[in-house]
Q: 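Before I ask anything, here is the structure I am working with.
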Amino acid sequence: MAVKIKLKRLGKIRSPHYRIVVADSRTRRDGRAIEEIGLYHPVQNPSRIEVNSERAQYWLSVGAQPTEPVMAILKLTGDWQAHKGLPAPAPLLQPEPKADKRAAFDAFAKGLEGGDESKGEAITQKAKKADKKADEAEVASTESTEA
């Protein structure tokens, strides 16, 4: 019996999360598993990866073959390097939090107010009074010719 370490998909349509399982290679993706050895939640920021290293090392030592996605996860956690006797990878880094968009906008707006003549506002210029009076005179002349 060939044993695989693979991902078992759970979750809703657009919010997948996986369990890292040890299963017979002939079972379907979400079928019966021999043992669950970890979690993988790719939608969370940062992705949540939890692997029971002791059990992963055991299954790799008895000949279980990881699928490509699971091998990538095991390389990130360092379990694959421990199994092969390679040096451990650098620890996983947490990404920096994203900058606040509102603060960036306010800083940009202050830069516009400081030295520029423009106010940074979208204001349409009002029509001049002379043009308005000329338009009224034109309308009155067309009405008198029609009558």
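Sequence positions, counted from 1, serve as the residue numbers for this chain.
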Q: Less than 4.5 Å apart, side chain to side chain, heavy atoms only: is that true for Trp59 and Ser61?
A: no
Q: Quick one: CD on Glu36 to CG on Asn52, what's the gap to the nearest 0.5 Å?
A: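 Reported value, rounded in 0.5 Å steps: 11.5 Å.
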Q: Is there a side-chain contact between Val51 and Tyr40 (heavy atoms, below 4.5 Å)?
A: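 In short, these two side chains do not touch, never coming nearer than 4.5 Å.
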Q: Ile5, Val3: one ILVMFWY side-chain cluster at the under-4.5 Å cut-off?
A: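 Yes, it is one cluster - the side chains of Ile5 and Val3 are joined through contacts under 4.5 Å.
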Q: How far apart are the closest heavy atoms of Ser47 and Pro42, and which atoms are they?
A: OG-O, 3.4 Å
Q: Show the numbers, then the answer: is there a side-chain contact (heavy atoms from CB on, under 4.5 Å) between Lys6 and Thr27?
A: CA-CA 11 Å; Lys6 56 187 179 179; Thr27 61; 3.4 Å; yes
Q: Could you state whether Met71 and Tyr18 fall into the same hydrophobic cluster, counting links through intermediate Ile, Leu, Val, Met, Phe, Trp or Tyr residues with side-chain heavy atoms under 4.5 angstrom apart?
A: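 In one cluster: yes.
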Q: When rounded to the nearest 0.5 angstrom, what is the spacing between CD in Glu54 and CD1 in Ile37?
A: 11.5 Å
Q: Would you compute the distance between atom CG of Leu86 and atom NZ of Lys75 and round it to the nearest 0.5 angstrom?
A: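 These two atoms lie 9.5 Å from each other.
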Q: I'd like to check Leu7 versus Arg19 (side-chain heavy atoms, cut-off strictly below 4.5 Å). Are they in contact?
A: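 No, side chains not in contact.
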Q: Quick one: does any side-chain atom of Glu35 pair with a main-chain N or O of Val21 as donor and acceptor, under 3.5 Å?
A: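 No; zero donor-acceptor contacts below 3.5 Å.
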Q: If only atom types and distance count, is the side chain of Asp30 paired as donor or acceptor with the main-chain N or O of Lys8 below 3.5 Å?
A: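 Pair absent, no side-chain N/O of Asp30 close to backbone of Lys8.
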Q: Could Lys110 and Asp106 be called an ion pair, given the rule that one side-chain N must be under 4.0 Å from one carboxylate O?
A: no
Q: Can you name the closest pair of heavy atoms from Asp79 and Ser53 and give their distance?
A: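 Heavy-atom minimum between the residues: OD1-OG, 2.5 Å.
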Q: Run the numbers on Ile20 and Leu39 for side-chain contact (heavy atoms from CB on, under 4.5 Å), then give the verdict.
A: CA-CA 6 Å; Ile20 302 170; Leu39 300 172; over 6 Å; no
Q: Would you kindly confirm whether Ile73 and Tyr58 end up in one hydrophobic cluster when ILVMFWY residues are joined by side chain heavy atoms under 4.5 Å apart?
A: yes
Q: I'd like to check Leu76 versus Leu74 (side-chain heavy atoms, cut-off strictly below 4.5 Å). Are they in contact?
A: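 They are not in side-chain contact.
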Q: Give me the atom names and distance for the closest heavy-atom approach of Val43 to Pro16.
A: CG2-CD, 3.6 Å
Q: Return the NE2 to NE2 distance between His17 and His41, rounded to the nearest 0.5 Å.
A: 5.5 Å
